J.: 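The structure's right below; bear with me while I get my questions together.
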Amino acid sequence: MYKPVEMKNTYDKMEHGKAKMAAIRAAAAEADRQGDVSYQMFFRAEICYESCFYGDAMDLMVVFPELLALADKYPDTPATIFEGFVYVESMEHVLWIYKWVLSHCESFYQIPMEDCMKFFQDARERFLSYGFNLKPWYLTMYEFYKHIDEEKAQKAFHEYEKLPRDSNSDCAACERNVEIEFYLKQGNLQKAVALSKDIEDFTLTCGDNMGAWLRMKKHFMHYYMRRREFDKALVYCRTMERNLQGEAEYERWDDFLACYAYSDLGKALKIYKEHWKEWLNWRDPSDEFHCCMNVCLFLRELGRSREEEGQDNGADLSAEDSSADKVCQKADAVVRLSLDDTFPLYQESGVYSIRKLYEFYFQRAEELAAKFDARNGADGYRKELEEALCMTR
């Protein structure tokens, strides 16, 4: 028998991952066979949620058009019992998810700029026609243009600031975190600290956990990393690590790797050994770019350390020589790693050239930066890579 409520309750008990996603997809397929439009839409919304926060966000970009087409074909579809306490109609839920789609346009170079702009224009029209204002729309515009056009990004952010919150706005804590990130990137530490107080004392929270607080700590960690104030960044890094909630968003091990590279290379090496494989299989190209960049920072510091120990032949991995070509001409140090044969540079001996490892990750970061910048018609990713690898102690 067709029992959508039981299907929902069953997969809710499962751990996030491939098995749970398969169960949600099976539920959506059964709703399709039954012609149950409310659950056809709801289960697709669940796929979007699972992929956005716990899986491969590209699934969100693929499934959302199906969800939107159903909403357009059946605009008065009532919400299910799982949505009714928040939404009256399924379309309200769809428009909420649309914000996730806009937020992920920047993350995938595979989505052409023309398609990104179509998403933004369509969402704008739908938000306004449904009676919502454009506060969250401007926020996603800011996030989209951060690597593309600083002037447009700042303009979108300040338009966001002018508008009041409505029922389509993100939670107040999430919005506050974007504001904190913005002012930190502008170098306005005083304002960012003032904005953080309501999150620091848990007046503003996101859900029932410490999510907003951890996200805020992440922004300050990045701020001090950009400023090369590694001791201060390490305080936030350790705070985050002690308070992880089992959410992938806050387990930023590649960020921790880069931070520990300047203070505790042994801990950084341990992190690399534990997480190299998941990083190798990362399917979000924006996340992969930043991960490769962080691994390069770690490998450069590891090479410096081995040089000081006298292991190599006088290689100088200075910040000024941080390009792949210069590093590869010099470094001869090695590191012992227990990698398996899925790693592209796998060595049965377990002994790896730091120079070759650096070159592998640097080349991947360069390739991704080039693809993003080509899509964006800008050079934001290349500049970020260059600036990050010029970090000095």
Side-chain angles (χ1 to χ4, degrees), residues 52-53 99-100 103-104 106-107 135-136 138-148 150 153-154 156-158 160-161 169-207 209-263 284 286-287 289-291 293-294 297 380-381 383-385 387-388 391:
C52 182
F53 296 104
K99 297 183 297 179
W100 305 344
S103 293
H104 279 87
E106 193 275 333
S107 299
K135 189 175 184 70
Y138 279 117
L139 199 60
T140 53
M141 282 289 282
Y142 157 68
E143 292 172 340
F144 181 77
Y145 278 112
K146 282 189 296 188
H147 280 90
I148 302 173
E150 181 63 24
Q154 290 198 32
F157 180 83
H158 293 309
Y160 149 82
E161 286 186 307
S169 293
D170 290 334
C171 82
C174 291
E175 289 186 344
R176 181 66 60 83
N177 257 310
V178 178
E179 294 162 12
I180 291 168
E181 179 197 34
F182 175 84
Y183 285 106
L184 285 173
K185 287 190 173 180
Q186 297 301 307
N188 193 338
L189 178 61
Q190 184 176 4
K191 179 146 189 174
V193 169
L195 288 168
S196 70
K197 288 180 179 177
D198 287 343
I199 295 178
E200 186 66 55
D201 65 13
F202 295 94
T203 301
L204 284 180
T205 60
C206 181
N209 55 31
M210 300 170 67
W213 186 83
L214 286 166
R215 193 176 299 130
M216 180 262 292
K217 298 296 181 184
K218 178 182 70 174
H219 294 321
F220 279 95
M221 180 180 70
H222 287 165
Y223 168 77
Y224 286 114
M225 285 291 288
R226 290 193 297 270
R227 292 174 60 85
R228 286 65 162 162
E229 297 182 43
F230 302 117
D231 289 344
K232 292 181 180 178
L234 184 62
V235 173
Y236 289 95
C237 175
R238 286 175 171 162
T239 298
M240 289 183 68
E241 191 178 2
R242 285 196 304 267
N243 292 278
L244 293 177
Q245 301 292 296
E247 297 283 344
E249 177 184 355
Y250 312 117
E251 293 186 356
R252 301 303 304 187
W253 290 107
D254 61 300
D255 285 337
F256 301 161
L257 174 84
C259 200
Y260 278 117
Y262 295 94
S263 58
D284 182 312
S286 179
D287 282 346
F289 165 78
H290 289 100
C291 179
M293 184 173 69
N294 284 333
L297 289 172
Y381 275 84
K383 284 184 176 179
E384 183 177 359
L385 180 61
E387 290 172 3
M391 285 183 173

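The analysis underlying the following values was restricted to heavy atoms, covering all of them including side chains, and did not include hydrogens, waters or symmetry mates. Each residue takes its place number in the sequence, starting with 1. Worth saying up front: this structure is predicted, and the values here are computed from it rather than measured.
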J.: Does a sphere of radius 6.0 Å around CG in Asp201 hold more than 12 heavy atoms from other residues, nucleotides or ligands, not counting ones at 6.0 Å or beyond?
T.: yes
J.: Residues two or more places apart in sequence or in another chain: which of them pass side chain to side chain contact (heavy atoms under 4.5 Å, CB included) with Lys232?
T.: Tyr224, Glu229
J.: With sequence neighbours excluded, tell me which residues meet side chain to side chain contact (heavy atoms under 4.5 Å, CB included) with Ser107.
T.: His104, Asp284, Ser286
J.: Say you draw a straight line from CD of Glu175 to CG of Leu195; how long is it, rounded to the nearest 0.5 Å?
T.: 12.0 Å
J.: Quick check: closest heavy atoms across Met221 and Met240, and the distance to 0.1 Å?
T.: CE-SD, 4.2 Å
J.: At their closest point, which heavy atom of Ile199 faces which heavy atom of Ala173, and how far apart are they?
T.: CD1-O, 3.9 Å
J.: Suppose we screen for ring-ring contact (aromatic ring centres under 6.0 Å, His included). Which residues come up paired with Tyr138, at least two apart in sequence or across chains?
T.: none
J.: If the plane angle is over 60° it's perpendicular, under 30° parallel, otherwise tilted; pick one for Phe157 and Phe182.
T.: parallel
J.: Going by heavy atoms in the side chains, are Gln190 and Tyr183 under 4.5 Å from each other?
T.: no
J.: Under the side chain to side chain contact (heavy atoms under 4.5 Å, CB included) test, which residues partner Ala194, sequence neighbours left out?
T.: none
J.: Going from SG on Cys259 to CG on Asp231, what distance comes out if it is rounded to the nearest 0.5 angstrom?
T.: 9.0 Å
J.: So, using salt bridge (charged side-chain N to carboxylate O under 4.0 Å, His left out) as the criterion, who are the partners of Lys217 when residues are at least two apart?
T.: Glu200
J.: Taking only residues two or more places apart in sequence or in another chain, which ones pass side chain to side chain contact (heavy atoms under 4.5 Å, CB included) with Cys174?
T.: Asp170, Cys171, Cys206, Arg215
J.: So which atom in Ala153 and which in Tyr142 form the shortest heavy-atom distance, rounded to 0.1 Å?
T.: O-CD1, 3.4 Å
J.: For Tyr236, does its backbone N or O pair with a side-chain atom of Arg238 as donor and acceptor, under 3.5 Å?
T.: no
J.: First locate atom CD of Glu387, then atom CZ of Arg226, and finally report the distance between them rounded to the nearest 0.5 Å.
T.: 10.0 Å
J.: So how far is it from Tyr160 OH to Ser169 OG, rounded to the nearest 0.5 Å?
T.: 8.0 Å
J.: Which residues satisfy the salt bridge (charged side-chain N to carboxylate O under 4.0 Å, His left out) test with Glu179, sequence neighbours excluded?
T.: Arg176
J.: Would you say the rings of Phe289 and Tyr381 are close, in the sense that their centroids are separated by under 6.0 Å?
T.: yes
J.: Working note: Lys99 + Leu139, criterion side-chain contact (heavy atoms from CB on, under 4.5 Å); need CA distance, chi angles, decisive distance, verdict.
T.: CA-CA 9 Å; Lys99 297 183 297 179; Leu139 199 60; over 6 Å; no
J.: Glu241: what forms a side-chain hydrogen bond (donor to acceptor under 3.5 Å, both in side chains) with it, not counting sequence neighbours?
T.: Tyr260, Lys267
J.: With sequence neighbours excluded, tell me which residues meet ring-ring contact (aromatic ring centres under 6.0 Å, His included) with Phe144.
T.: Phe120
J.: Side-chain contact, heavy-atom cut-off 4.5 Å: Tyr262 with Met225?
T.: yes
J.: Hey, could you give me the CE/CD distance between Met216 and Glu181, rounded to the nearest 0.5 Å?
T.: 13.5 Å
J.: Can you check side-chain contact (heavy atoms from CB on, under 4.5 Å) on Glu106 and Glu143, steps first, answer last?
T.: CA-CA 8 Å; Glu106 193 275 333; Glu143 292 172 340; over 6 Å; no
J.: Between atom OG of Ser103 and atom CE of Met141, what is the distance when rounded to the nearest 0.5 Å?
T.: 12.0 Å
J.: Once you measure the plane-to-plane angle for Phe220 and Tyr223, does it fall in the parallel (<30°), tilted (30-60°) or perpendicular (>60°) bin?
T.: perpendicular
J.: My understanding is that only residues two or more places apart in sequence, or in another chain, count here; which of them pass side-chain hydrogen bond (donor to acceptor under 3.5 Å, both in side chains) with His290?
T.: Glu384
J.: Mind listing the closest non-hydrogen atom pair of Ser196 and Ile180 along with its distance?
T.: CA-CD1, 3.6 Å
J.: Could you tell me which residues satisfy side-chain hydrogen bond (donor to acceptor under 3.5 Å, both in side chains) with Asn177, sequence neighbours excluded, listed by chain and number?
T.: none
J.: Looking at residues at least two apart in the chain, or sitting in another chain, which of them share a side-chain hydrogen bond (donor to acceptor under 3.5 Å, both in side chains) with Asp255?
T.: His222, Asn294
